[in-house]
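Remarks on the structure that follows.
Predicted model, so just to flag it, every value in this text is computed and none were measured. Residue numbers run from 1 in the order of the sequence given.
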Amino acid sequence: MIGALYFNLLSFLIIYFSKSINRLMGLFFSVFCIFIFLAIRYDYGNDYFSYLDQFYEIQRYSSFSISNFIIKGNEIGWVYLNYFFGPLGFFAMQIFLAAFSCFVLYRFIKNYVSPKYYWFAIFIYIFQPYHMLVLSSAMRQAVVVSLFLLAIDFLIKKQSIHYIVVVLLGSLFHSTAYFLLPLVFLSYFSIQLKFKYIVIIVVLFIGSFFFIGEIFSQGQQFISLYFEKEYSGHINQSVEKSTIGLGFILNFIIYIILFYCTQHQNYLGKVIFLNIVVISFLIIPLTFSFPLISRLNFYFTPLLMVAYPIAFENIQKRTIRIGFIILISISTLYEFFSFFYSETWINHFFEYKTIFSAPNFL
């Protein structure tokens, strides 16, 4: 935890104090700190050694027989990326993926976040544990998250074919990318948030809890039918592990305030971002019955880096705006520190190690 906290504070302080100098340069060096954290990590995350072992297993195949590895249920894009980096080593691939992720992050914030809120976007990314931390372990899905953030450009420009191509490219690395395809319709059927729609969203959110059993049953059947090879080990996860606690309540309040403060947006880009955040919100109850669904929110919650500043811009009273920022910050930091003491994550995320401590620097 200390290692992650050190890098996070350094990244945050750089971007925060660059407000009076050069925000864009501050953003660059802040993201560069994130790159260093991701590039030199070792044995960090629940899946780290699974990916490391898989990397060396792929190298045992020739270019002609590698298709046998793909047949076992491994995505072709990920297999060939590993095979390509074979001569350079796993750490070279890790550094490359860290660079790609950080390039997309820098570009995304630069293009869609108001410069005066760069600091808050970075804060959300580094302290919300399911962004930087969990994705540092979920390496395949991290690739798709980055591709999705790039593909959003095409949603806003109504370039549907381009969007579909990028998402299908992502599916070569993680099959959950297919769930992103229906979002192409947001280019043409986005809905402005209005009070009546917010009421409907809240009703749907609360109503979902009454159908948890049915959702779990249908989810089991769907995963068993279409994704059995990859996720069969997840479909029987205990539902009881998910509970409604302080973090859930804070997030619920934050989302409602966010929706209320972002009503009547006219610009298509902002409407699309907010529509995706609504989808993210409605997914939350489903995770109580089917935890695997939470993986979809890995794609959607990074858009809060844009949605929150949209809300801040619409809050006229400075005291209310500051209060909302403080509320989000408290909720985010609560999740950050709770993450490191969770039974699920503590053994693989608490201690930060670097590649320089690896037995073989390959």
Side-chain angles (χ1 to χ4, degrees), residues 7-8 11 27-28 30-41 44-45 47-48 51 55 75-82 84-85 90-113 118 121-157 159 162-181 183-184 186 269 272-273 276-277 279-280 294-307:
F7 276 100
N8 283 6
S11 177
L27 177 63
F28 174 83
S30 178
V31 172
F32 184 74
C33 286
I34 297 173
F35 164 72
I36 297 298
F37 174 84
L38 296 174
I40 66 172
R41 72 191 189 279
Y44 196 70
D47 300 327
Y48 189 90
Y51 282 116
F55 178 85
E75 282 87 349
I76 184 173
W78 182 254
V79 171
Y80 275 104
L81 180 67
N82 280 255
F84 174 81
F85 275 96
F90 179 79
F91 294 151
M93 184 179 76
Q94 175 178 292
I95 292 169
F96 168 78
L97 291 176
F100 176 62
S101 175
C102 289
F103 164 76
V104 173
L105 175 66
Y106 173 83
R107 181 183 179 278
F108 182 75
I109 294 176
K110 176 177 175 289
N111 288 349
Y112 295 113
V113 178
Y118 282 172
I122 289 292
F123 173 81
I124 292 298
Y125 184 79
I126 59 180
F127 282 106
Q128 214 301 327
Y130 295 96
H131 295 165
M132 183 182 77
L133 290 177
V134 172
L135 288 178
S136 71
S137 176
M139 296 173 71
R140 288 184 301 126
Q141 197 161 3
V143 174
V144 187
V145 170
S146 294
L147 289 173
F148 176 58
L149 294 182
L150 290 173
I152 286 176
D153 290 1
F154 302 126
L155 281 183
I156 295 173
K157 296 174 182 177
Q159 296 176 342
H162 294 75
Y163 174 81
I164 292 172
V165 169
V166 175
V167 170
L168 290 177
L169 175 63
S171 71
L172 300 179
F173 294 88
H174 204 282
S175 54
T176 56
Y178 289 119
F179 290 100
L180 300 174
L181 288 173
L183 296 182
V184 70
L186 291 178
I272 287 176
F273 280 119
I276 296 175
V277 170
I279 295 171
S280 171
S294 62
R295 285 177 173 266
L296 295 181
N297 257 345
F298 289 175
Y299 302 116
F300 303 147
T301 55
L303 274 61
L304 289 170
M305 291 188 290
V306 178

Trp78 versus Tyr51, closest heavy-atom pair with distance: CZ2-CD2, 3.5 Å
Starting from the C-alpha separation in whole Å, work towards a yes-or-no answer on side-chain contact (heavy atoms from CB on, under 4.5 Å) for Tyr112 and Ile156. CA-CA 11 Å; Tyr112 295 113; Ile156 295 173; 3.5 Å; yes
Would you be so kind as to tabulate the donor-acceptor pairs closer than 3.5 Å made by side chains of residues 93-105, with sequence neighbours excluded?
unit_1 : atom_1 : unit_2 : atom_2 : d
Gln94  : OE1    : Tyr48  : OH     : 2.8
Gln94  : NE2    : Ala39  : O      : 2.8
Gln94  : NE2    : Arg41  : O      : 2.8

Working note: Tyr44 + Leu38, criterion side-chain contact (heavy atoms from CB on, under 4.5 Å); need CA distance, chi angles, decisive distance, verdict. CA-CA 10 Å; Tyr44 196 70; Leu38 296 174; over 6 Å; no
Below 4.5 Å, heavy atoms only, C-beta onward: do Leu180 and Phe300 meet side chain to side chain? yes
To the nearest 0.5 Å, what is the distance between CD1 (Ile122) and SG (Cys33)? 9.5 Å
How about Arg107 and Leu150: do any of their side-chain heavy atoms sit closer than 4.5 Å? yes
In terms of heavy-atom contacts, Met305 and Val113 come closest through O-CG2, 3.5 Å
Using the side-chain contact (heavy atoms from CB on, under 4.5 Å) rule, take Asp47 and Met139 through it: C-alpha gap first, then chi angles, then the decisive distance, then the call. CA-CA 8 Å; Asp47 300 327; Met139 296 173 71; over 6 Å; no
Hey, could you give me the NE2/CD1 distance between His162 and Ile164, rounded to the nearest 0.5 Å? 11.0 Å
Compare all side-chain heavy atoms of Tyr125 with those of Ile34 and state whether any distance is below 4.5 angstrom. yes
Does the separation of the ring centres of Phe148 and Phe298 fall below 6.0 angstrom? no
Under the side-chain contact (heavy atoms from CB on, under 4.5 Å) rule, what do Leu172 and Tyr80 come out as? Steps first, then yes or no, please. CA-CA 10 Å; Leu172 300 179; Tyr80 275 104; over 6 Å; no
Could you check whether the rings of Phe32 and Phe28 sit parallel, tilted or perpendicular, using 30° and 60° as the cut-offs? parallel
Counting N and O atoms only, with roles assigned by atom type, does the side chain of Ser280 sit under 3.5 Å from a partner on the main chain of Asn297, one being a donor and the other an acceptor? no
To the closest 0.5 Å, what do you measure between OG (Ser11) and CZ (Phe37)? 10.5 Å
Would you say that Phe154 contacts Val184 through its side chain, given a criterion of any heavy-atom pair below 4.5 Å between the two side chains? no
Restricting to non-hydrogen atoms, name the atom on Gly170 and the atom on Leu147 that form the minimum distance, rounded to 0.1 Å. CA-CD1, 3.6 Å
Nearest heavy-atom neighbours spanning Ser171 and Ala177: N-CB, 3.5 Å
Hey, could you give me the OH/CD1 distance between Tyr118 and Ile109, rounded to the nearest 0.5 Å? 8.5 Å
Would you say Asn8 and Met132 make side-chain contact, with heavy atoms under 4.5 Å? yes
With a 3.5 Å cut-off and no angle check, do the side chains of Thr176 and Tyr299 form a donor-acceptor pair? yes
Looking at every non-hydrogen atom in both residues, tell me the closest pair between Leu183 and Leu155 and how far apart they are. O-CD2, 3.4 Å
Approximate separation, where rounding is to 0.5 Å, of Asp153 CG and Asn111 CG: 6.5 Å
Nearest heavy-atom pair of Val144 and Phe173: which atoms, and what distance? CG2-CB, 4.1 Å
